[in-house]
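Input: a single structure, listed below in structure tokens.
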Amino acid sequence: MITLKSDRELEYMQIAGKIVAETHQKLEKAIKPGITTKELDTIADNYILSCGAKPAFKGYQGFPAAICTSINEAVVHGIPGLRELKDGNIISIDIGAVINGYYGDAARTYPVGTIDEDWAKLIRVTQEALDAGIAKAIEGNRLSDISNAVQVVAEGSGYSVVRDYVGHGIGREMHEDPQVPNFGKPGRGPRLRSGMVLAIEPMVNAGSYEVETLGDNWTVVTKDKSYSAHIEDTIAITPNGPMILTRI
Ligand code: MG
């Protein structure tokens, strides 16, 4: 069941979204060669708590950290640890926060130091794919119009979109209906209505879309070890168009 949020609820979701966006800003400044993913996790955890919110991923199905840190060929759900970032890496960071009972969720892929132009382009196209999807998040469109727009942009640059993980509705739960795939034909699925709030999150691979999970039972990597980018925003559908809750 897709729940529609009231204006009051959207105000709460804006608060959650802003905390997530600010946490990303803190991490963006901290990312440099030599820092460990655990140190990034601590920065995020402390900042979210200082806002009176809670990190939404911590303890979620047993996940042991506040954020997900996925380096290079890791797609999503990487666990922070003692690995140090190296010049030329790319790192996808996914952050969730809950406050007043409402969730915000956003991911970014960051360069570490100086990166190869190939990976810079991968990140740029993933951002463009997300933005194309958000542009379709308009009252009266259908859900798969978003999915198709994301896919067309990503595949138009020769990349692939991950099939096994998708975006989602969000609100009083981190994962609500509907699922929001990053691929598919347009004109399908539920009609979009004001008050729907969605986390749209393309995972774009430089090679094949196939992924597998590592032995830690969390980290999802590309099967062919090609690099992957993941960019996500929580957005609300309003009479005035899409409202992005997780950007400042
Ligand atoms: Mg999400």
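Atoms considered below: every heavy atom in the structure, side chains included; atoms not considered: hydrogens, waters and symmetry mates. As the structure lists them, so they are numbered: ligands from 1, and atoms in each ligand from 1.
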Output the atom name for the N/O/S atom of [X] with the smallest distance to the Mg ion (ligand 1).
X: His168; value: NE2
X: Glu232; value: OE2
X: Asp105; value: OD2
X: Glu201; value: OE2

side-chain contact (heavy atoms from CB on, under 4.5 Å) test vs Glu232 passes for just one of Ile95, Asp94, Ile200, Val76, namely Asp94
Determine whether Tyr103 and Glu173 satisfy the following criterion, side chain to side chain donor-acceptor pair (under 3.5 Å), listing intermediate values before the conclusion. CA-CA 7 Å; Tyr103 285 80; Glu173 306 286 342; 5.5 Å; no
Parallel, tilted or perpendicular: rings of His24 and Tyr110 (30°, 60°): tilted
Are any N, O or S atoms from His175 nearer to the Mg ion (ligand 1) than 2.8 Å? no
Any N/O/S atom, side chain or main chain, of Asp94 closer to the Mg ion (ligand 1) than 2.8 Å? no
State whether a side-chain donor-acceptor pair under 3.5 Å links Asn182 with Ser147. no
Can you find a side-chain donor-acceptor pair between Asn240 and Thr238 that sits under 3.5 Å? no
